[in-house]
Asks: 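Dumping the structure here so I can ask a few things about it.
Not measured: the values here are computed from a predicted model.
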Amino acid sequence: EVQLVESGGGLVQAGGSLLLSCAASGIMLDDYAIGWFRQAPGKEREAVSCISSSDGSTVYAEFVKGRFTISADYARNTAYLQMNSLKPEDTAVYYCAVARSDEVVLFNLWATPNYWGQGTQVTVSS
């Protein structure tokens with residue numbers, strides 16, 4: 001059984017930081033592009049950042065550039081999203097997803113991801 005399990009969400013004050021993790025089982029993350037997405041109440045899901053397992057290329061949404069960093073530890077089969085300088089508008093459920101594609105295809109959801117995690121809630125208070 002394939003599982004992507006996100007963790008690290010929580011309540012943080014504006015300006016604070018969180019480190020989200022996405023632990024994979026049943027698959028090897030280095031076979032996939034890995035992405036983080038988020039969905040706020042009443043809003044559509046949006047891409048946050050994606051990374052290529054083949055060359056480490058990354059893509060970020062404009063609204064997180066300079067604040068968030070995506071990474072992956074393939075030995076631990078875990079991906080991360082370091083979130084700094086958090087803002088109230090970053091409040092959302094954050095999901096990880098993987099796809100047998102490149103990071104740009106995953107970011108734009110031009111192909112359906114192979115697997116999604118269940119999400120972790122991030123709440124940023126003002």
Side-chain angles (χ1 to χ4, degrees):
E1 180 188 8
V2 175
Q3 283 192 311
L4 299 176
V5 180
E6 300 96 334
S7 61
L11 174 62
V12 64
Q13 288 190 329
S17 298
L18 285 172
L19 175 64
L20 303 185
S21 299
C22 172
S25 59
I27 58 169
M28 299 304 296
L29 285 181
D30 58 8
D31 288 335
Y32 296 84
I34 307 159
W36 287 94
F37 299 79
R38 71 186 189 186
Q39 187 166 22
K43 295 188 176 182
E44 293 193 353
R45 180 179 53 199
E46 58 186 357
V48 175
S49 182
C50 295
I51 185 169
S52 164
S53 61
S54 60
D55 63 6
S57 297
T58 58
V59 59
Y60 292 92
E62 285 296 323
F63 53 78
V64 302
K65 278 185 179 179
R67 299 190 298 125
F68 292 9
T69 303
I70 189 171
S71 63
D73 183 338
Y74 298 107
R76 295 181 181 271
N77 215 26
T78 301
Y80 303 96
L81 185 69
Q82 176 67 50
M83 306 189 296
N84 299 328
S85 302
L86 282 161
K87 304 175 182 180
E89 52 264 43
D90 293 320
T91 295
V93 178
Y94 284 71
Y95 301 89
C96 66
V98 297
R100 288 189 182 272
S101 66
D102 66 34
E103 72 282 5
V104 174
V105 171
L106 177 59
F107 186 87
N108 289 285
L109 292 176
W110 288 331
T112 302
N114 295 89
Y115 304 103
W116 288 93
Q118 83 291 347
T120 186
Q121 176 70 47
V122 171
T123 303
V124 184
S125 63
S126 57

Asks: Looking only at non-hydrogen atoms, find the nearest pair between S101 and L106 and report the distance.
Replies: OG-N, 3.8 Å
Asks: Any donor and acceptor pair, going by atom type alone, linking the side chain of E103 with main-chain N or O of I34 inside 3.5 Å?
Replies: no
Asks: Side chain of D31, backbone of R100: donor and acceptor closer than 3.5 Å?
Replies: no
Asks: Taking transitive links into account, so neighbours of neighbours count too, which hydrophobic residues share a cluster with F107 at under 4.5 Å side-chain distance?
Replies: V59
Asks: How long is the straight-line distance from CD of E89 back to NZ of K43, given to the nearest 0.5 Å?
Replies: 8.0 Å
Asks: Please check: side-chain N/O of R67 versus main-chain N/O of S85, any donor-acceptor pairing under 3.5 Å?
Replies: yes
Asks: State the OG1-CD distance between T91 and Q121, to the nearest 0.5 angstrom.
Replies: 7.0 Å
Asks: To the closest 0.5 Å, what do you measure between OG (S57) and CG (D102)?
Replies: 9.0 Å
Asks: What's the separation between atom SG in C96 and atom CZ in F37, rounded to the nearest 0.5 Å?
Replies: 10.0 Å
Asks: Return the CG to CZ distance between L29 and R76, rounded to the nearest 0.5 Å.
Replies: 13.5 Å
Asks: Just wondering, do I27 and Y32 contact through their side chains at under 4.5 Å, heavy atoms?
Replies: yes
Asks: With side chain to side chain contact (heavy atoms under 4.5 Å, CB included) as the criterion, how do Q13 and L86 come out once you've worked through the C-alpha distance, each side chain's angles and the decisive distance to 0.1 Å?
Replies: CA-CA 8 Å; Q13 288 190 329; L86 282 161; over 6 Å; no
Asks: Looking at N77 and A24, would you say the former's side chain and the latter's main chain have a donor-acceptor pair under 3.5 Å?
Replies: yes
Asks: Without swapping roles, check the side chain of S53 against the backbone of D30 for a donor-acceptor pair under 3.5 Å.
Replies: yes
Asks: Give the C-alpha distance, both sets of side-chain angles, the deciding distance and a yes or no for side chain to side chain contact (heavy atoms under 4.5 Å, CB included) between T120 and S7.
Replies: CA-CA 6 Å; T120 186; S7 61; 5.6 Å; no
Asks: Are W36 and F68 an aromatic pair, judged by ring center distance below 6.0 Å?
Replies: no
Asks: Let me see the working for Y95 and L4 under side chain to side chain contact (heavy atoms under 4.5 Å, CB included), right down to the final yes or no.
Replies: CA-CA 9 Å; Y95 301 89; L4 299 176; over 6 Å; no
Asks: Check whether Y94 reaches the backbone of V48 with its side chain - one donor and one acceptor, N or O, closer than 3.5 Å.
Replies: no
Asks: Tell me which one of V122, V124, L19 satisfies side-chain contact (heavy atoms from CB on, under 4.5 Å) with M83.
Replies: V122
Asks: Do S17 and N84 meet the criterion of a side-chain donor-acceptor pair at a distance under 3.5 Å?
Replies: yes
Asks: Assess the residue pair W116 and E6 against the criterion (side chain to side chain contact (heavy atoms under 4.5 Å, CB included)); give the C-alpha distance rounded to whole Å, side-chain angles, the decisive distance to 0.1 Å, and a yes or no.
Replies: CA-CA 10 Å; W116 288 93; E6 300 96 334; over 6 Å; no
